[in-house]
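We number each residue from 1, following the sequence as shown. Values in this document were obtained by computation on a predicted structure and should not be read as measured data.
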Amino acid sequence: MNTQLAPTTGRQSHPPQPVRIPEPRSTRRVGLVDRAAMHVGLALIHWGRRPVKARRERPAFAPESIEARREMDRVRDQYLVLKLTQFR
């Protein structure tokens with residue numbers, strides 16, 4: 001496929017657009033505060049991704065909290081039994 005076609009000559013439906021040359025901008029130098037903020041941010045990211053030490057065993061719960069959880073489970077089960085019997 002080495003066939004090359006000549007462009008079609010004729011009238012275009014729109015006028016050519018002017019070529020805009022971007023105005024040269026002065027480069028902004030990085031200040032001391034910007035550098036310090038970048039270093040602090042990188043340090044926080046590095047510190048947040050540090051390896052986690054082996055976790056200790058879970059502490060024993062107080063007897064009051066164990067009893068409260070048992071009571072909460074009992075009340076929830078009782079409520080579910082009452083609700084499920086309504087649909088039969």
Side-chain angles (χ1 to χ4, degrees):
M1 287 262 181
N2 291 334
T3 306
Q4 294 180 353
L5 300 175
T8 59
T9 58
R11 188 173 166 154
Q12 296 179 353
S13 62
H14 59 85
Q17 300 295 319
V19 178
R20 293 186 182 183
I21 300 173
E23 297 177 7
R25 295 183 182 178
S26 63
T27 56
R28 181 175 167 250
R29 296 188 57 88
V30 178
L32 185 63
V33 175
D34 293 329
R35 284 184 167 202
M38 183 186 68
H39 283 290
V40 168
L42 287 175
L44 286 172
I45 291 171
H46 184 68
W47 182 77
R49 293 183 177 178
R50 68 190 188 283
V52 178
K53 295 180 182 177
R55 296 182 180 187
R56 299 181 213 161
E57 288 185 30
R58 297 177 84 180
F61 291 111
E64 297 87 16
S65 65
I66 293 173
E67 185 60 34
R69 182 168 300 271
R70 285 183 184 153
E71 178 68 18
M72 183 177 64
D73 290 341
R74 186 186 64 75
V75 170
R76 185 188 65 228
D77 292 341
Q78 184 180 13
Y79 173 78
L80 288 175
V81 166
L82 291 174
K83 281 296 179 186
L84 289 176
T85 56
Q86 289 179 356
F87 296 115
R88 289 187 179 177

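- Each of Glu64, Arg70, Arg69 was evaluated against Ile66; a single residue qualifies, Arg70, per the side chain to side chain contact (heavy atoms under 4.5 Å, CB included) test.
- Here CG of Asp77 is found 10.5 Å from CE of Met72. Values are rounded to the nearest 0.5 Å.
- From Gln78, atom CD reaches atom CG of Leu80 across 10.5 Å, with rounding to the nearest 0.5 Å.
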Working note: Arg76 + Asp73, criterion salt bridge (charged side-chain N to carboxylate O under 4.0 Å, His left out); need CA distance, chi angles, decisive distance, verdict. CA-CA 5 Å; Arg76 185 188 65 228; Asp73 290 341; 3.3 Å; yes

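- Within a 6.0 Å radius of CZ in Arg35, no more than 12 heavy atoms belonging to other residues, nucleotides or ligands are found.
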